[in-house]
Amino acid sequence: MHIRGDHVELVVGGRLDVRSAADARTVLHSAVDDGVGDLVLDLSELDSWDATGLGVIMGAHRRAGRCGRRLVLRDVPPQMQRLLVATRLHRILAIEGGLRVESLPRV
């Protein structure tokens, strides 16, 4: 897993899973705490995430809200979009440009 960027936009790549969760959480929390306005997570390089990785994203979302910021997901890969729909988290998380619903199964 790799994360690069700053307190305004981060690119997340590789696998966001139980092995990388602690490092990802540290980077995301620092980015939230050190900035203002929207924090964009570009997920175009993300290969996969598991429940732990999704929990890291939700934790960053909650922390951003407490700091008066908004976490925005950009370029969410299709397989991860399906997981967001299945868990109904697409209703909670801000997703830039929305989901490509025509390619997603109805849940």
Side-chain angles (χ1 to χ4, degrees):
M1 191 254 341
H2 64 273
I3 300 177
R4 65 180 187 278
D6 55 25
H7 57 273
V8 175
E9 181 176 339
L10 296 171
V11 177
V12 182
R15 297 173 52 104
L16 183 54
D17 56 19
V18 69
R19 289 180 296 266
S20 60
D23 292 337
R25 186 177 298 110
T26 299
V27 172
L28 292 176
H29 286 188
S30 292
V32 167
D33 294 345
D34 293 342
V36 295
D38 288 352
L39 172 60
V40 176
L41 291 187
D42 182 329
L43 303 180
S44 60
E45 297 178 15
L46 191 63
D47 297 325
S48 65
W49 59 17
D50 65 6
T52 305
L54 190 53
V56 170
I57 299 290
M58 289 307 299
H61 164 77
R62 286 190 298 274
R63 188 179 192 103
R66 287 192 303 269
C67 292
R69 298 187 73 186
R70 186 174 72 134
L71 187 72
V72 179
L73 304 183
R74 174 186 291 157
D75 293 331
V76 181
Q79 68 272 23
M80 284 155 242
Q81 289 183 29
R82 285 191 275 288
L83 181 59
L84 291 176
V85 170
T87 58
R88 300 194 188 278
L89 292 175
H90 70 291
R91 295 179 177 185
I92 297 169
L93 294 167
I95 302 169
E96 187 177 85
L99 297 176
R100 290 173 233 115
V101 293
E102 66 277 356
S103 64
L104 299 175
R106 293 196 114 155
V107 179

Same apolar cluster: [X] and [Y], side chain cutoff 4.5 Å:
| X | Y | result |
| --- | --- | --- |
| Ile57 | Val40 | no |
| Ile92 | Leu43 | yes |
| Ile3 | Val56 | yes |
| Val11 | Met1 | no |

Give every donor-acceptor pair under 3.5 Å between a side-chain atom in residues 70-80 and any protein atom, sequence neighbours left out.
{"unit_1": "Arg70", "atom_1": "NE", "unit_2": "Asp38", "atom_2": "OD1", "d": "3.2"}
{"unit_1": "Arg70", "atom_1": "NH2", "unit_2": "Asp38", "atom_2": "OD2", "d": "2.9"}
{"unit_1": "Arg74", "atom_1": "NE", "unit_2": "Glu96", "atom_2": "OE1", "d": "2.7"}
{"unit_1": "Arg74", "atom_1": "NE", "unit_2": "Glu96", "atom_2": "OE2", "d": "3.4"}
{"unit_1": "Arg74", "atom_1": "NH1", "unit_2": "Glu9", "atom_2": "OE1", "d": "3.2"}
{"unit_1": "Arg74", "atom_1": "NH1", "unit_2": "Glu9", "atom_2": "OE2", "d": "2.9"}
{"unit_1": "Arg74", "atom_1": "NH2", "unit_2": "Glu96", "atom_2": "OE2", "d": "3.2"}
{"unit_1": "Gln79", "atom_1": "NE2", "unit_2": "Asp47", "atom_2": "O", "d": "3.4"}

Do the side chain of Thr52 and the main chain of Ala21 share a donor and acceptor less than 3.5 angstrom apart?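 Side chain of Thr52 to backbone of Ala21, a donor-acceptor pair under 3.5 Å: no, none is there.
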Reported [atom1]-to-[atom2] distance for the pair [X] and [Y], which is rounded to 0.5 angstrom:
| X | Y | atom1 | atom2 | value |
| --- | --- | --- | --- | --- |
| Thr87 | Met58 | OG1 | CE | 8.5 Å |
| Cys67 | His29 | SG | NE2 | 9.5 Å |
| Leu16 | Leu54 | CG | CG | 8.5 Å |

Compare all side-chain heavy atoms of [X] with those of [Y] and state whether any distance is below 4.5 angstrom.
| X | Y | result |
| --- | --- | --- |
| His90 | Arg82 | no |
| Val12 | Asp42 | no |
| Leu93 | Leu84 | yes |

Smallest separation among heavy atoms of Val32 and Arg69, with atom names: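 Scanning both residues, the minimum pair turns out to be O-NH1, 3.0 Å.
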I would like to know whether Leu41 and Leu46 meet side chain to side chain contact (heavy atoms under 4.5 Å, CB included); could you show each step before the answer? CA-CA 10 Å; Leu41 291 187; Leu46 191 63; over 6 Å; no
With a 4.0 Å cut-off on N to O distance, would you call Arg63 and Asp33 a salt bridge?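 Counted as a salt bridge, because a side-chain N and a carboxylate O are separated by less than 4.0 Å.
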